[in-house]
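Read the structure below first, then the notes.
Order of the sequence lines sets the chain letters (A, B, ...), proteins ahead of strands, with each chain counted from 1. On a predicted model such as this, the values are computed, not experimentally measured, just so you know.
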There are 2 protein chains.
Amino acid sequence: MSTQAKPRQVKLRDVAQAAGVAVGTVSRVLNANPTVTEAVRRKVQAAIDDLGYEMDVVAQSLRGGTTKMVACAIRDFDIPQFATYIKEAERIFRENGYTLLLSSTTNQPDVEMALLRAFERRRVDGIMMTISDEGHAGVTKALAEAGVPVLLIDRDHIGTLDRVTVDHFGGARAATQHLLGLGHRRIAMLVGDLKAFPSRSRVEGFRAACAAAGVAIDPGLLRERVLDQEDAFRETMALLSLPDAPTAFFVAAMDTLGGSLRALRALGREVGRDVALVAGSDSDLAELYSPGVTAIRWNLAEMGRHAATMLLERMRGEAPATSRALKLPTTLVIRQSCQAVTPGNRD
Amino acid sequence: MSTQAKPRQVKLRDVAQAAGVAVGTVSRVLNANPTVTEAVRRKVQAAIDDLGYEMDVVAQSLRGGTTKMVACAIRDFDIPQFATYIKEAERIFRENGYTLLLSSTTNQPDVEMALLRAFERRRVDGIMMTISDEGHAGVTKALAEAGVPVLLIDRDHIGTLDRVTVDHFGGARAATQHLLGLGHRRIAMLVGDLKAFPSRSRVEGFRAACAAAGVAIDPGLLRERVLDQEDAFRETMALLSLPDAPTAFFVAAMDTLGGSLRALRALGREVGRDVALVAGSDSDLAELYSPGVTAIRWNLAEMGRHAATMLLERMRGEAPATSRALKLPTTLVIRQSCQAVTPGNRD
DNA sequence: GATCAATTATGAACCGGTTCACCGCAACTT
DNA sequence: AAGTTGCGGTGAACCGGTTCATAATTGATC
């Protein structure tokens with residue numbers, strides 16, 4: 001008896017027929033509706049087990065209007081920091097019966113808008129994403145019209161949406177203060193796209209620290225749009241080749257430390273001795289490199305947990321009408337990559 | 001005119017009414033059915049654009065039986081190697097109109113079986129996954145009864161399913177030969193769970209190389225079930241504390257190098273000088289550590305690309321009836337972490 | 001101008017659940 | 001005994017598309 005073969009998908013009506021009840025009754029049993037007798041419930045359950053019935057979520061979604069799916073779109077999957085974030089968020093969603101739907105935006109507004117449309121067509125119950133440009137009219141319009149709750153990941157400037165952010169400003173300021181305190185005056189900074197919150201607030205933190213110390217910033221040492229390790233390699237090479245090269249590097253962009261380290265290695269500069277180095281995000285590489293690379297750290301698992309929880313509450317209508325923002329604190333993990341500037345180090 | 005506000009979701013019948021045609025006709029226009037006049041097509045398209053109609057994929061899926069969703073379940077997201085794989089696979093699927101659905105199996109058969117049931121309920125068109133134990137009766141049964149194409153990621157022993165695998169055997173053998181060639185005889189090996197293909201074939205490669213060289217394996221130096229960096233740290237600490245500690249470490253398990261490096265650092269052993277080290281998978285850390293860590297490498301992007309393509313072909317019925325297996329080659333990237341055994345290094 | 005064939009549009013059934021107005025029946029009133 | 005209440009189950013409408021048998025229209029032919 002029971003689940004053998006599986007000649008044809010068992011449907012609700014088959015269960016109803018086997019149990020000798022109406023389809024509506026089986027549905028009520030499945031949804032634990034209290035208006036059903038224990039005797040009937042047992043009889044139906046027996047038929048369900050016997051036939052090996054599995055609910056068709058697509059049909060359920062059509063009628064119910066809710067799909068129990070949450071979409072997540074980020075710039076690029078293989079940024080380890082995002083992976084940790086998503087891992088934790090997915091766990092929360094899974095435990096709550098939601099399925100995660102994943103896409104890369106490749107940091108292009110067109111793709112972001114197309115994805116939002118696709119998510120709408122798929123009728124996801126909620127969306128969690130990063131956007132490449134908080135000022136992009138098309139994207140902000142699409143977000144506003146989404147029709148389902150949207151939570152921005154480490155993005156800001158759209159006050160009507162829930163968001164989880166990181167205190168990059170504080171992190172960058174602390175990192176810069178650290179370098180300034182060691183005597184560095186020519187500090188190069190590598191950041192991503194200033195159209196998005198993280199890089200923007202990192203630069204603000206950098207500027208704030210420099211301003212507080214009365215140190216002027218050489219615009220030639222501030223390199224933006226550094227999005228991957230190749231960019232970081234190229235910019236670091238260029239900066240090191242300057243006639244008046246920087247004594248310190250603040251590699252602030254996500255997951256770009258490797259590129260800078262390769263450039264330093266290629267030109268034979270030793271971290272800590274020839275040049276000071278701070279990473280904008282922590283990693284195994286930063287920790288285990290010799291010397292250890294001072295880095296800005298925050299709790300990514302907690303970020304994913306909170307994001308998922310906030311979105312769940314919003315989807316369930318448990319959240320307040322106003323948008324909620326969570327800002328995670330950062331700490332500067334000081335390692336051995338930054339030494340004081342030696343007097344004769346530079347002319 | 002055109003998409004303003006959005007008072008209520010526009011449905012197919014609304015478009016039909018606006019264009020003055022039957023709903024079936026609008027459907028035919030949307031599906032580019034050739035039996036529709038250019039004049040009607042244009043009229044309907046105008047109504048679609050004017051109303052800002054967006055198809056409801058859930059309803060489409062219910063009738064059509066196909067959801068254009070592919071599920072991907074892996075042990076753990078934040079293993080960088082998987083991230084690269086998934087990134088590439090997702091791109092292929094997205095370009096082909098498929099949406100990726102992601103879950104963690106947490107390496108537990110129960111979860112794997114539950115996920116397979118959940119995927120079935122969601123009516124995904126295909127599944128791509130790793131499993132924790134290729135011999136697990138419940139899981140293999142669930143896979144066989146899946147009802148949709150399943151592709152195994154770096155798993156074997158289930159001949160009826162498509163799969164992409166890596167030549168871990170060859171990689172492990174080459175790595176071991178390398179260590180043996182440098183004079184190492186007491187080689188510790190850290191692998192994951194032998195119930196799954198990768199660790200099993202790595203151990204086989206290790207044994208093959210040792211056997212060919214006539215070197216006996218000390219069972220005490222073979223540590224299995226090393227699944228994360230904490231495990232690797234613990235086992236490495238234990239091995240280094242042995243009265244007759246190994247002179248070389250083959251840290252073969254995925255993404256565990258960091259744990260071993262921390263242990264070596266904690267005990268003050270220097271890689272390359274005090275102990276030789278080979279990693280079972282390559283990474284930024286292996287490349288940029290000082291000294292660079294010799295590692296086994298394969299093309300993860302290609303792996304993801306092939307997996308997605310194979311699954312797409314299978315879903316479209318373009319694949320041959322027999323299951324297909326792709327085995328990616330590995331290369332040993334030799335860096336500076338393995339020196340020859342110095343005569344007085346060990347008694 | 002009538003007949004037939006080919007082309008194009010129609011509308012209802014269908015996918016597989018959920019929901020709700022309604023009905024049957026037993027218990028409770030007076 | 002007739003009327004009322006309320007619990008438990010029924011069955012049909014509904015969600016929003018797709019599909020196909022059928023109808024309507026057009027064009028060709030005699």
Scan Val36(A) against the nucleic acid and name what it touches under 4.0 Å (heavy atoms): base, sugar-phosphate only, or nothing.
sugar-phosphate

Electrostatic pair Arg123(A)-Asp56(B), nearest N-O below 4.0 angstrom
yes

For Val40(B) and Leu12(A), find the nucleotide of DNA chain C closest to each by heavy atoms; which residue's nucleotide sits nearer the 5' end?
Val40(B)

If you measure from the Lys or Arg side-chain nitrogens to the Asp or Glu carboxylate oxygens, is any gap between Lys68(B) and Asp125(B) under 4.0 Å?
no

Nt span of DNA chain D in reach of chain A heavy atoms at under 4.0 Å, 5' end first, is dG8(D) to dG16(D)

So if I apply the side-chain contact (heavy atoms from CB on, under 4.5 Å) rule between Met113(A) and each of Gln108(A), His136(A), Lys141(A), which one comes out positive?
His136(A)

Roughly, in whole Å, what's the span from CZ in Arg41(B) to P in dT8(C)?
14 Å

Name the residue closer to the 5' end of DNA chain C, choosing between Val21(B) and Gly64(B) according to the nucleotide with the nearest heavy atom.
Val21(B)

Any base atoms under 4.0 Å from Thr35(B), or only sugar-phosphate, or nothing? Heavy atoms, all strands.
sugar-phosphate

Salt-bridge test for Arg117(B) and Glu54(A): reply yes if a basic N is under 4.0 Å from a carboxylate O, no otherwise.
yes

Pick base, sugar-phosphate or nothing for Ser27(B), based on heavy-atom distances below 4.0 Å to the nucleic acid.
base

Counting the atoms with a prime plus P, OP1 and OP2 as sugar-phosphate, which does Thr37(B) contact under 4.0 Å by heavy atoms, base, sugar-phosphate, or nothing?
sugar-phosphate

Is the shortest side-chain N to carboxylate O distance from Glu88(A) to Arg91(A) below 4.0 Å?
yes

How close or far is atom P of dC20(C) from atom CG of Asn31(A), stated in whole angstroms?
12 Å

Arg121(A) near the nucleic acid: base, sugar-phosphate alone, or nothing, with a heavy-atom cut-off under 4.0 Å?
nothing

With sugar-phosphate meaning primed atoms plus P, OP1 and OP2, does Arg13(B) contact a base, only sugar-phosphate, or nothing at under 4.0 Å between heavy atoms?
nothing

Residues Glu302(B), Arg305(B): salt bridge by 4.0 Å N-O rule:
no

